[in-house]
Amino acid sequence: MAVLILYATKSGATEQCAKVLSEELPQSKICNIEIEKPSLEAFDSIILGAGVRDEKIYKAIRDFIKKNKDEFLNKKMGYYICNEKPKTTEELIEKNFPDDLKKAAVCIESFGGYKAYKAPKEGTDQLKGIFVDKIKEFSKNFK
């Protein structure tokens, strides 16, 4: 089963999560939506990841969702967000994803994150603030 992991990131947390997912799902292709716009037809499953700023997922992902919503409804879909305030996760998901996509998704999760100014420096633990156990559990839905 071909899995596409699409993400948009500013501080790097969403990309780190995508990398952990791709390690858990060796049959997957990882893609930064701000660099590449892949064809979705070749994939049975799609995982879409976005960072959150000012209670909104990043614009590149919002636009991609609007453009491809109908196709997403015909795929096995999972969504994740990176937000440094886990208490607001449910509210953020409610605000940022259309109801029909939420209902059709096999899973939606927050993997944690950090504020842009607190992003890990090069050479330090890049997964600080990220819930790796949640990523591994999430990936089981696509194996």
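- Interatomic distance, OG of Ser28 versus CD1 of Ile30, reported as 7.0 Å (0.5 Å rounding).
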Q.
Using the rule given for side-chain contact (heavy atoms from CB on, under 4.5 Å), can you reason through Lys56 versus Lys95, listing the C-alpha separation, both sets of side-chain angles and the distance that settles it, and then say yes or no?
A. CA-CA 8 Å; Lys56 292 181 183 171; Lys95 283 182 181 180; over 6 Å; no
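- Using a distance-only test at 3.5 Å, with no hydrogens or angles considered, no donor-acceptor pair links the side chain of Asn96 to the main chain of Tyr58.
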Q: Evaluate the criterion side-chain contact (heavy atoms from CB on, under 4.5 Å) for residue pair Asp44 and Lys76; output intermediate values, then yes/no.
A: CA-CA 6 Å; Asp44 304 311; Lys76 184 176 183 181; over 6 Å; no
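- Smallest separation of non-hydrogen atoms from Thr9 and Ala13: OG1-N, 3.7 Å.
- Closest of all the heavy-atom pairs between Ala8 and Asn32 is CA-OD1, 4.4 Å.
- Note that OG of Ser139 is 6.5 Å distant from CG of Leu21, once rounded to the nearest 0.5 Å.
- When hydrophobic side chains of Ile, Leu, Val, Met, Phe, Trp and Tyr are connected at separations under 4.5 Å, Met77 ends up clustered with Leu4, Leu6, Ile33, Leu40, Phe43, Ile46, Leu48, Val52, Ile57, Ile61, Phe64, Ile65, Phe72, Leu73, Tyr79, Ile81, Leu92, Ile93, Phe97, Leu101, Ile108.
- Side-chain atoms of Glu137 and Ile135, non-hydrogen and from C-beta on, never get closer than 4.5 Å to each other.
- Nearest heavy-atom pair across Phe142 and Ser45 is CD2-CB, 3.7 Å.
- The heavy-atom pair separating Cys17 from Tyr80 by the smallest distance is CB-CE1, 3.6 Å.
- Going from atom CD of Glu15 over to atom SG of Cys82 covers 11.0 Å, rounded to the nearest 0.5 Å.
- Glu24 has no carboxylate O lying under 4.0 Å from a charged side-chain N of Lys140, or vice versa, which leaves the two without a salt bridge.
- In plain terms, the two heavy atoms of Ile5 and Ser22 that are nearest each other are CD1-N, 3.6 Å.
- With rounding to the nearest 0.5 angstrom, the CD atom of Glu94 is 3.0 Å from the NZ atom of Lys102.
- Between Glu36 and Lys29, at least one side-chain nitrogen of the basic residue sits less than 4.0 Å from a carboxylate oxygen of the acidic one, meeting the salt-bridge criterion.
- Rounding to the nearest 0.5 Å gives a distance of 10.0 Å between CG of Asp63 and NZ of Lys67.
- Taking both residues in full, the closest heavy atoms of Arg53 and Lys10 are given as NH1-CD, 3.4 Å, listed atom of the first, atom of the second, then distance.
- Scanning for side chain to side chain donor-acceptor pair (under 3.5 Å) contacts around Glu23 gives an empty result, with sequence neighbours left out.
- Heavy-atom neighbours of Lys37 NZ from other residues, nucleotides or ligands within 6.0 Å: above the threshold of 12.
- When ring centroids are compared, Phe111 and Phe131 stay outside the 6.0 Å threshold.
- In this structure, Lys136 does not pair ionically with Asp133, as no charged nitrogen and carboxylate oxygen lie closer than 4.0 Å.
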